[in-house]
*Asks:* 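Once you've had a glance at the structure underneath, I'll fire off some questions.
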Protein chains: 2
Amino acid sequence: MTQTDPAPLPADLLPADCPVPSVPVLGSRKWAWRIIRCLEDGPRRFSELRVPLAGITAKVLAESLRSMEQDGVLVRTEFDENPPRVEYALTPLGRTLLGPMDAMCAWSRENLAGLLAARAEHERGH
Amino acid sequence: MTQTDPAPLPADLLPADCPVPSVPVLGSRKWAWRIIRCLEDGPRRFSELRVPLAGITAKVLAESLRSMEQDGVLVRTEFDENPPRVEYALTPLGRTLLGPMDAMCAWSRENLAGLLAARAEHERGH
DNA sequence: CTGTATCCTGAAAGATACTG
DNA sequence: CAGTATCTTTCAGGATACAG
């Protein structure tokens, strides 16, 4: 930073192209990615989400949904009925995530097998 | 899990219903995203990486690099010199990540301010 | 049905000291 | 220079029980 390096990697290299260390909303929240996918085709109820998100607990699902609601990528709508009914839907902002996600999903589909193979190879060798 | 799950898949990698639950390599590793960015323009030495990755410890950087090497997205090259010199570079596979990452970075640039505002709003009001 | 309230675990990260 | 070795911390996630 205050040093005089011959050919250093500038400390501001990252902010120029990548403002954040990881992807907001999707980083550091295990289920966020899949939750968004499950809402892609329309609003879903709490219990509806639990089916495709096999294994998720109510607690974690509720936490994830609340967090994502605070980020503005989905909205929670509570209907005054009995039994209670709550729906979650992507916001317009949330929908803008789908494009970038598609790119990442395509990459994963194409390279997941190779990744697993590479890791297995390394584990055998050492 | 105490459940009797008939198909125990790598829960962090393989989807139940959605394409990909999270991004391999980039998910669940805080610094991976930025490390790849730092290698985008060419090989870098260990100490060179520590500059733009301000705050990362040697331990975490080494761990992250090892992990990513095992995934096959980067290679570690050790030169037999004194003082020791080691370079890290993206593999062709690693380079294929840059495209999808660009899409995500663009999204972040465009929406980060809005996200922070939305969260701040939620924390203030409710 | 849609959650909360607790308690617990585990993996990644950070702090610090040391080494070939 | 390029790491390793420990130790501690942190916090998302999971198990379970309970509630409006």
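If you're wondering where the values come from, they're calculated on a predicted model, not measured in any experiment. Lettering of chains follows the sequences in order, A, B, ..., and the numbering in each one begins at 1.
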*Asks:* Kindly calculate the angle separating the two end axes of the helix from dC1(C)-dG20(D) to dG20(C)-dC1(D), each obtained from five base pairs, and round it to 10 degrees.
*Replies:*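 Here the local axes at opposite ends form an angle of 50°.
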*Asks:* Give the rounded distance in Å between these two atoms: CD1 of I56(A) and C1' of dA15(D).
*Replies:*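 Those two atoms, CD1 and C1', are 14 Å apart.
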*Asks:* Quick check for you: among dG14(D), dG3(D), dA13(C), whose closest atom lies nearest to any side-chain atom of Y88(B)?
*Replies:*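 Of dG14(D), dG3(D), dA13(C), dG3(D) is nearest to the side chain of Y88(B).
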*Asks:* Which parts of residues 74-87 of chain B get close to DNA chain D, meaning a heavy atom less than 4.0 angstrom away?
*Replies:*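 Under 4.0 Å from DNA chain D: R76(B), P83(B), P84(B), R85(B), V86(B).
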*Asks:* Between R119(B) and G114(B) (side chain of the first, backbone of the second, donor and acceptor by atom type, cut-off under 3.5 Å), is there such a pair?
*Replies:*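 Answer holds: no.
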*Asks:* Report the distance from atom CG of L53(B) to atom P of dG3(D), rounded to the nearest whole Å.
*Replies:*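 The answer, rounded to whole Å, is 14 Å.
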*Asks:* L39(B) vs Y88(B), test: side-chain contact (heavy atoms from CB on, under 4.5 Å). Steps then yes/no.
*Replies:* CA-CA 8 Å; L39(B) 296 175; Y88(B) 296 88; 4.3 Å; yes
*Asks:* Q70(B) versus R66(B): any side-chain heavy-atom pair under 4.5 Å?
*Replies:*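 Of all side-chain heavy-atom pairs linking R66(B) with Q70(B), none is under 4.5 Å.
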*Asks:* Atom pairs, N/O to N/O, protein against nucleotides 4-8 of chain C, distance under 3.5 Å?
*Replies:*
{"from": "dT4(C)", "atom 1": "OP1", "to": "R66(A)", "atom 2": "NH1", "distance (Å)": "3.3"}
{"from": "dT4(C)", "atom 1": "OP1", "to": "R66(A)", "atom 2": "NH2", "distance (Å)": "2.2"}
{"from": "dT4(C)", "atom 1": "OP2", "to": "R66(A)", "atom 2": "NH2", "distance (Å)": "3.1"}

*Asks:* Using a 3.5 Å cut-off and no angle test, enumerate the donor-acceptor pairs between side-chain atoms of residues 41-55 of chain A and protein atoms at least two apart in sequence or in another chain.
*Replies:*
{"from": "E48(A)", "atom 1": "OE1", "to": "R45(A)", "atom 2": "N", "distance (Å)": "2.7"}
{"from": "R50(A)", "atom 1": "NH2", "to": "I56(A)", "atom 2": "O", "distance (Å)": "3.3"}

*Asks:* Just how far, in rounded Å, is P of dC1(C) from CG of L65(A)?
*Replies:*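 The answer, rounded to whole Å, is 16 Å.
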*Asks:* Just N and O in the side chain of K30(B): are any of them under 4.0 Å from OP1 or OP2 of dG14(C)?
*Replies:*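 Yes, within the criterion.
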*Asks:* Are any of the side-chain heavy atoms of F79(A) and V86(A) separated by less than 4.5 Å?
*Replies:*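 Not in contact.
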*Asks:* Could you state the CG-P distance from L61(A) to dG14(D), rounded to the nearest angstrom?
*Replies:*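 Roughly 11 Å, once rounded to whole Å.
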*Asks:* Treating S64(A) as the side-chain partner and W31(A) as the backbone partner, does any N or O pair qualify as donor plus acceptor under 3.5 Å?
*Replies:*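 It does not hold such a pair.
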*Asks:* For a 4.5 angstrom cut-off between non-hydrogen side-chain atoms, does I36(A) reach L74(A)?
*Replies:*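 Side chain of I36(A) against side chain of L74(A), heavy atoms only: no contact under 4.5 Å found.
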*Asks:* As an exercise, state the distance from CG of L97(A) to CG of L90(A), rounded to the nearest 0.5 Å.
*Replies:*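 One gets 8.5 Å once the value is rounded to the nearest 0.5 Å.
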*Asks:* For dG14(D), take OP1 and OP2 only and decide whether either is under 4.0 Å from a side-chain N or O of T57(A).
*Replies:*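 So the side-chain polar atoms of T57(A) never come under 4.0 Å of the phosphate oxygens OP1 or OP2 of dG14(D).
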*Asks:* Rounded to whole angstrom units, what separation is found between the CG atom of L49(B) and the C1' atom of dC1(D)?
*Replies:*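 Atom CG in L49(B) sits about 13 Å away from atom C1' in dC1(D).
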*Asks:* With sequence neighbours left out, what residues match R76(B) under salt bridge (Lys or Arg N to Asp or Glu O under 4.0 Å)?
*Replies:*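 With sequence neighbours excluded, R76(B) shows a salt bridge (Lys or Arg N to Asp or Glu O under 4.0 Å) to E78(B), given in chain and number order.
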*Asks:* Hey, does I35(B) have a side-chain heavy atom less than 4.5 Å from the side chain of L61(B)?
*Replies:*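 When only atoms from C-beta onward are counted, I35(B) and L61(B) do touch, with a gap below 4.5 Å.
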*Asks:* Separation of R45(A) atom CZ from dG3(C) atom C1', in whole Å?
*Replies:*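 In whole Å, dG3(C) C1' lies 13 Å from R45(A) CZ.
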*Asks:* Check residues 98-107 of chain A and write down every donor-acceptor pair under 3.5 Å in which the side-chain atom is one partner and the other belongs to a residue at least two apart or another chain.
*Replies:*
{"from": "D102(A)", "atom 1": "OD1", "to": "R37(A)", "atom 2": "NH1", "distance (Å)": "3.1"}
{"from": "D102(A)", "atom 1": "OD1", "to": "R37(A)", "atom 2": "NH2", "distance (Å)": "2.6"}
{"from": "W107(A)", "atom 1": "NE1", "to": "N111(A)", "atom 2": "OD1", "distance (Å)": "3.3"}
{"from": "W107(A)", "atom 1": "NE1", "to": "T96(B)", "atom 2": "OG1", "distance (Å)": "2.8"}

*Asks:* Could you tell me the separation between the CZ atom of R29(A) and the C1' atom of dG13(D), rounded to a whole number of Å?
*Replies:*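 Roughly 9 Å, once rounded to whole Å.
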*Asks:* Whole Å only: how far is the CD atom of E48(B) from the P atom of dA2(D)?
*Replies:*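 Rounded to whole Å, this separation is 8 Å.
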